[in-house]
Structures are given as C-alpha cells and as structure tokens.
Q: 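Here it is, the structure in full.
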There are 2 protein chains.
Amino acid sequence: MTQTLMPDVNRAGCPSRVILEHVTSRWGVLVLAALLERSYRFSELRRHVDGVSEKMLAQTLQALERDGFVLRDAQPVIPPRVDYSLTPLGEEAANLVAGLARWVEHKVPDVQAARAAYDGTKV
Amino acid sequence: MTQTLMPDVNRAGCPSRVILEHVTSRWGVLVLAALLERSYRFSELRRHVDGVSEKMLAQTLQALERDGFVLRDAQPVIPPRVDYSLTPLGEEAANLVAGLARWVEHKVPDVQAARAAYDGTKV
DNA sequence: CGGTATCCTTTACGATACTG
DNA sequence: CAGTATCGTAAAGGATACCG
C-alpha cells in the first residue's frame, strides 16, 4: 500500500500540490470567487472575469469540475445553455480564495506604499 | 486624478491582480506558509520547500519583499547569513494562504474521489 | 452558445556555472 | 552561504478559425 496519509504541500509530487495549484491558479481563483455569488453561464463568466480567453476559461472550468469544485449543467436546448455552479466542496474552497482576494483588494494601498519604499531604497 | 479607489480583481489591469498573483503563485504560497511557523535562512527555505530552484526562490522572495510581505535581514558576516521573516502584513497574507493549503491537504481524498467519478463517466 | 483545434508567442521554470 | 547570469526547454497563454 502506498503512502496515502498525511498529504504535505511541501513535498514535491504530493497530490495536494496539484490541487492547490488548480485552486490558486490565475483564473481558478477568479472563477471560484465569481461562482460564490451565483451561478454563471460560460459567456457570462467570460465577461465577468475580465481578460480570460475562451481557451483558458474552458480549461480552468474543466480542472475545477474534475476536482469536484464546480458543477456543470448543460441543458440540451438550442442554442446551447450551460450553467456553472459550485459544489459544497467548491463552496468551501471559494470562500477561502474569495477571502484572500478581498483581503488583497483591501490591502492594495499598503502594498503600493511598500513597493515605493522598496524601490526608493534600491535605486 | 486617476482611479485609485475600489480595486477589483475582476478587472484586467487592476493592481490587485498582480498582488494576488504574487501571493497565490506556485512558490509564493509555500514560502508564505513556511514563514508563518518561523523565520528561515535561504538554504533552509530551499530545502523546506521541496523542488524549488535557487532562481525561483530568490525571485519569489524578492517579489514578496517588495510587496511588503517578507522582511529580509542580511547580516554582514562571513559566510553570509540572510534571514527571511514575515512582516505584519505578510503574516495576514500567510494566514490566509496557509489556511487554504491546510484545507487542501485535508480534502485530498474528496478530490481524488471526485476525479475518479469524473474520469469514470467521461470514458 | 459553448465550446474545440490549431498555431504561434511569451513567460515560467530548471540546470548549470559563476561571484562576493 | 546566498545569491546572480546565462542558456535552453517546457508550459502557459492568446488569437483565430471552425463545429455541434
């Protein structure tokens, strides 16, 4: 039996690392945070998460769906309609990353001040 | 006067996005989480965060230092000794990302079950 | 509408060698 | 020890075109 107990993000090759990277990926964070408010259709999400390409959005959603964070509901209508929402597991993840995102938004001035100080002493 | 109020991670070009990317970067997360426990020397950190290269560790630490999350204490001794620790701001960030990392470690089995189910229906 | 396929560019990253 | 510099590869990502 292989080592399945005690996942550790500090160990290279630990499955937890890949999951963490999905959740903290550039677009993964923003998608999860968006879906925390409400469910979105593909193109809605694409407009909401400014700058994401179709390709990356599809890729991000697939990874999150496969990991059990996102639920994909494709209705067999014409034109097609696909709704994305969070699973209970995804909601937990989304709360954590959305908390981080909101904290960052709130601390932008502090970071900019730190950068100004850093750049000042380093020139 | 330019738009400095209401940072929004959903808007491309918003400074909050770059900060968020530093904090959620592949190695940024692990470095912040490590420094939450205690301060580390460069090579200690390199061993602790398994798999990180010298280059990426240096680059990550510089970004985090410039953003005001990490404090770099270089003692003028031979051989050189440099200690890295968290600023108060960095401690807040680290608590959030470490919380996320611990949550992921805890949920590894759930994700693996979700993947098995997903891969099962998709083949 | 909600994607996929293809191509191409850019960035990330790692390995190695070197320096104060 | 704590980096920097250089190089090469691999992966990320964007643009466009196309399909069910």
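Labels below follow one simple rule: chain letters A, B, ... track the order of the sequence lines, proteins then strands, and each chain is numbered from 1.
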Q: Students should find this one: the first and last nucleotides of DNA chain D, 5' to 3', lying under 4.0 Å from a heavy atom of chain B. What are they?
A: D:dC1 to D:dC7

Q: Would you kindly confirm whether A:L61 and A:V82 end up in one hydrophobic cluster when ILVMFWY residues are joined by side chain heavy atoms under 4.5 Å apart?
A: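 Shared cluster, yes.
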
Q: Enumerate the residues from residues 29-63 of chain A whose closest heavy atom to DNA chain C is under 4.0 Å, giving them by residue number; use none for an empty result.
A: A:R41, A:F42, A:S43, A:E54, A:K55, A:A58, A:Q62

Q: Quick one, which residues of residues 8-16 of chain B touch DNA chain D with a heavy atom under 4.0 Å?
A: none

Q: Quick one: ring pair (Phe, Tyr, Trp, His ring centres under 6.0 Å) partners of A:H106, sequence neighbours excluded?
A: none

Q: CZ of B:R11: more than 12 outside heavy atoms within 6.0 angstrom?
A: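 At most 12 heavy atoms, drawn from other residues, nucleotides or ligands, come within 6.0 Å of this atom.
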
Q: Please round to the nearest 0.5 Å and tell me the distance separating atom CG of B:L32 and atom CG of B:L30.
A: 9.0 Å

Q: Restricting to pairs with a member in residues 28-40 of chain A, which pass salt bridge (charged side-chain N to carboxylate O under 4.0 Å, His left out), not counting sequence neighbours?
A: A:R38-A:E44

Q: Mind checking A:P80 for me? I need base, sugar-phosphate or nothing, with any heavy atom below 4.0 Å counting as a touch.
A: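 Base, at least one base atom sits under 4.0 Å.
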
Q: Taking only residues two or more places apart in sequence, or in another chain, which ones meet A:R72 in a side-chain hydrogen bond (donor to acceptor under 3.5 Å, both in side chains)?
A: A:Y84

Q: Of all nucleotides in DNA chain C with an atom under 4.0 Å from a non-hydrogen atom of chain A, which is the first and which the last going 5' to 3'?
A: C:dC1 to C:dC7

Q: Kindly work out whether a path of hydrophobic side-chain contacts (I/L/V/M/F/W/Y, heavy atoms less than 4.5 Å apart) joins A:L36 to A:V104.
A: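 A:L36 clusters together with A:V104.
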
Q: Among residues at least two apart in sequence or on other chains, which ones pass salt bridge (Lys or Arg N to Asp or Glu O under 4.0 Å) with A:R47?
A: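 Here no residue qualifies.
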
Q: Which side-chain hydrogen bond (donor to acceptor under 3.5 Å, both in side chains) pairs, counting each pair once, include a residue from residues 12-26 of chain A, with sequence neighbours left out?
A: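 Checked against side-chain hydrogen bond (donor to acceptor under 3.5 Å, both in side chains) - neighbours excluded - the pairs reaching residues 12-26 of chain A are A:H22-A:D67.
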
Q: Return the set of residues passing salt bridge (Lys or Arg N to Asp or Glu O under 4.0 Å) with B:R46 (not counting sequence neighbours), or none when no residue passes.
A: none

Q: State which residues pass salt bridge (Lys or Arg N to Asp or Glu O under 4.0 Å) with A:D50; sequence neighbours excluded, sorted by chain then number.
A: none

Q: With a 3.5 Å cut-off and sequence neighbours excluded, list the donor-acceptor pairs that the side chains of residues 87-94 of chain A form with protein atoms.
A:
residue, atom, partner, partner atom, Å
A:T87, OG1, A:G68, O, 2.6
A:T87, OG1, A:F69, O, 3.3
A:T87, OG1, A:L89, N, 3.4
A:T87, OG1, A:G90, N, 2.9
A:E92, OE1, B:W103, NE1, 2.7

